[in-house]
Chemist: 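The structure is given below, and queries will be raised subsequently.
Just so it is clear, the model here is predicted, and its values are computed rather than measured. Just so you know, these numbers use all the heavy atoms, side chains as well, and skip hydrogens, waters and symmetry mates.
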Amino acid sequence: MPEPANPRRAEILGAAAELFARRGYHGASIGDLGRAVGLTGPALYRHFSGKDAVLAEMLLDISERLRAEGVRRAAAPDAAQALDSLLRGHIAFALDNPALITIHERELDNVPEPERHRIRRLQRAYVEEWVAVLRRLRPGTPDDRTRAAVHACFGLLNSTPRSAAGLDRSAMGDLLHAMARSALDAAL
């Protein structure tokens with residue numbers, strides 16, 4: 001996936017992801033976050049209005065990038081190729097960003113509105129990219145079943161904060177791909 005545009009903000013967001021995943025949003029202060037990137041807590045306010053803004057931008061950024069990448073991958077003319085590409089893209093994200101997965105699972109409710117609403121809207125749009133590809137592969141399957149299967153597949157793929165420790169990245173990626181593809185094929 002493309003990287004965020006501002007490298008300093010990206011550095012802060014990366015440090016915040018690790019810190020929030022390890023300690024929880026409420027267990028990390030602005031001072032802790034500043035120290036993690038070599039700034040004082042107050043100096044961090046030159047980049048973000050507060051800790052909630054860091055969390056919101058972190059989850060908005062990744063939701064926007066996943067959505068954009070999903071649109072690109074789903075556009076493959078062959079539906080099977082599009083699904084394979086979506087799987088590989090999400091697996092790469094899951095293996096490379098376990099902290100973001102942990103934060104999303106635990107901390108989304110700490111994101112202020114309207115950013116939380118925007119994050120959820122982007123995530124629903126990302127799911128719909130998958131649903132559209134699967135609809136092309138299995139046109140007779142009801143959309144609600146397809147959507148449920150996509151969410152269940154994400155549960156499997158997003159298990160990496162807990163499941164990826166025992167295998168190297170390549171082996172884990174292959175395992176996730178085989179399991180997700182088998183699960184989707186069986187469900188639809």
Side-chain angles (χ1 to χ4, degrees), residues 1-25 27-28 32-33 36-38 54-55 57-76 78-108 119 122-123 125-134 137 148-188:
M1 281 194 303
E3 289 297 316
N6 182 321
R8 185 61 163 158
R9 286 176 78 89
E11 177 188 13
I12 294 167
L13 292 172
E18 294 302 321
L19 198 58
F20 293 168
R22 198 170 50 252
R23 294 188 192 171
Y25 174 75
D32 296 331
L33 182 51
V37 293
V54 173
L55 180 62
E57 185 168 325
M58 177 189 310
L59 294 180
L60 271 169
D61 173 66
I62 199 60
S63 296
E64 288 167 348
R65 290 191 294 140
L66 277 170
R67 167 68 161 86
E69 189 66 11
V71 167
R72 186 185 73 72
R73 289 173 179 271
D78 177 72
Q81 182 183 13
L83 178 58
D84 183 64
S85 183
L86 284 168
L87 283 166
R88 294 202 184 282
H90 197 97
I91 289 165
F93 163 74
L95 290 171
D96 294 342
N97 298 283
L100 289 174
I101 292 169
T102 299
I103 292 164
H104 179 269
E105 288 176 355
R106 286 193 326 218
E107 310 295 354
L108 182 60
I119 290 165
L122 286 163
Q123 291 170 337
Y126 178 60
V127 167
E128 291 308 310
E129 293 299 326
W130 287 68
V131 169
V133 167
L134 290 167
L137 279 172
V150 169
H151 282 287
C153 180
F154 287 171
L156 169 68
L157 299 178
N158 291 343
S159 70
T160 57
R162 297 165 297 282
S163 65
L167 297 175
D168 68 37
R169 187 184 192 288
S170 177
M172 189 64 190
D174 290 345
L175 177 63
L176 288 170
H177 187 278
M179 291 178 71
R181 186 61 198 248
S182 293
L184 288 171
D185 287 344
L188 306 173

Chemist: To the nearest 0.5 Å, what is the distance between CE (M179) and OG (S159)?
Modeler: 7.5 Å
Chemist: What I want to find out is whether E69 reaches R72 closely enough, with some N-O distance under 4.0 Å, to be called a salt bridge.
Modeler: yes
Chemist: So, taking the atom named CD in Q81 and the one named CG in L86, what distance separates them when rounded to the nearest 0.5 Å?
Modeler: 11.0 Å
Chemist: Compare every heavy atom of A17 with every heavy atom of A99, then report the nearest pair and how far apart it is.
Modeler: CB-O, 3.6 Å
Chemist: Rounded to the nearest 0.5 Å, how far apart are CD1 of I12 and CD of E57?
Modeler: 9.0 Å
Chemist: Looking at CD of E18 and CG of L33, how far apart are the two atoms once the value is rounded to the nearest 0.5 Å?
Modeler: 12.0 Å
Chemist: For D84, which residues count as a side-chain hydrogen bond (donor to acceptor under 3.5 Å, both in side chains) partner, sequence neighbours excluded?
Modeler: R88, H177
Chemist: Is R9 paired with D61 through a side-chain N to carboxylate O contact shorter than 4.0 Å?
Modeler: no
Chemist: Is the shortest side-chain heavy-atom distance between M172 and R169 below 4.5 Å?
Modeler: no
Chemist: Donor-acceptor pair, distance only, cut-off 3.5 Å: does the side chain of N97 make one with the backbone of L100?
Modeler: no
Chemist: Considering all heavy atoms of both residues, which atom of L184 and which atom of A149 are nearest to each other, and what is their separation?
Modeler: CD2-O, 3.8 Å
Chemist: To the nearest 0.5 angstrom, please state how far the OG atom of S85 sits from the CG atom of D78.
Modeler: 11.0 Å
Chemist: State, with a plain yes or no, whether a side-chain heavy atom of L188 is found less than 4.5 Å away from one of L137.
Modeler: no
Chemist: Looking at every non-hydrogen atom in both residues, tell me the closest pair between M58 and A16 and how far apart they are.
Modeler: CE-CB, 3.5 Å
Chemist: Would you call I91 and T160 a side-chain contact if the rule is heavy atoms closer than 4.5 Å?
Modeler: no
Chemist: Identify the two heavy atoms, one from A180 and one from L157, that lie closest to each other, and give their separation to 0.1 Å.
Modeler: CB-CD2, 3.8 Å
Chemist: Given the rule in the salt bridge (charged side-chain N to carboxylate O under 4.0 Å, His left out) test, do R67 and E64 qualify, once you have shown the distances and angles that lead to the verdict?
Modeler: CA-CA 5 Å; R67 167 68 161 86; E64 288 167 348; over 6 Å; no
Chemist: Rounded to the nearest 0.5 Å, how far apart are CZ of R106 and CZ of F20?
Modeler: 11.0 Å
Chemist: Let me see the working for L176 and L87 under side chain to side chain contact (heavy atoms under 4.5 Å, CB included), right down to the final yes or no.
Modeler: CA-CA 9 Å; L176 288 170; L87 283 166; over 6 Å; no
Chemist: So do the side chains of N158 and H104 get within less than 4.5 Å of each other, counting heavy atoms only?
Modeler: no
Chemist: Using every non-hydrogen atom in the two residues, find where I119 and L59 come nearest and quote the distance to one decimal.
Modeler: CD1-CB, 3.5 Å
Chemist: Please set out all donor-acceptor pairs under 3.5 angstrom arising from side-chain atoms of residues 126-134, sequence neighbours excluded.
Modeler:
from, atom 1, to, atom 2, distance (Å)
Y126, OH, H90, ND1, 2.7
Y126, OH, W130, NE1, 3.4
E128, OE1, R147, NH2, 3.2
E128, OE2, R147, NE, 2.5
E128, OE2, R147, NH2, 3.3

Chemist: With a 4.5 Å cut-off on side-chain heavy atoms, are I62 and F93 touching?
Modeler: yes
Chemist: Nearest heavy-atom pair of Q123 and S63: which atoms, and what distance?
Modeler: NE2-OG, 3.7 Å
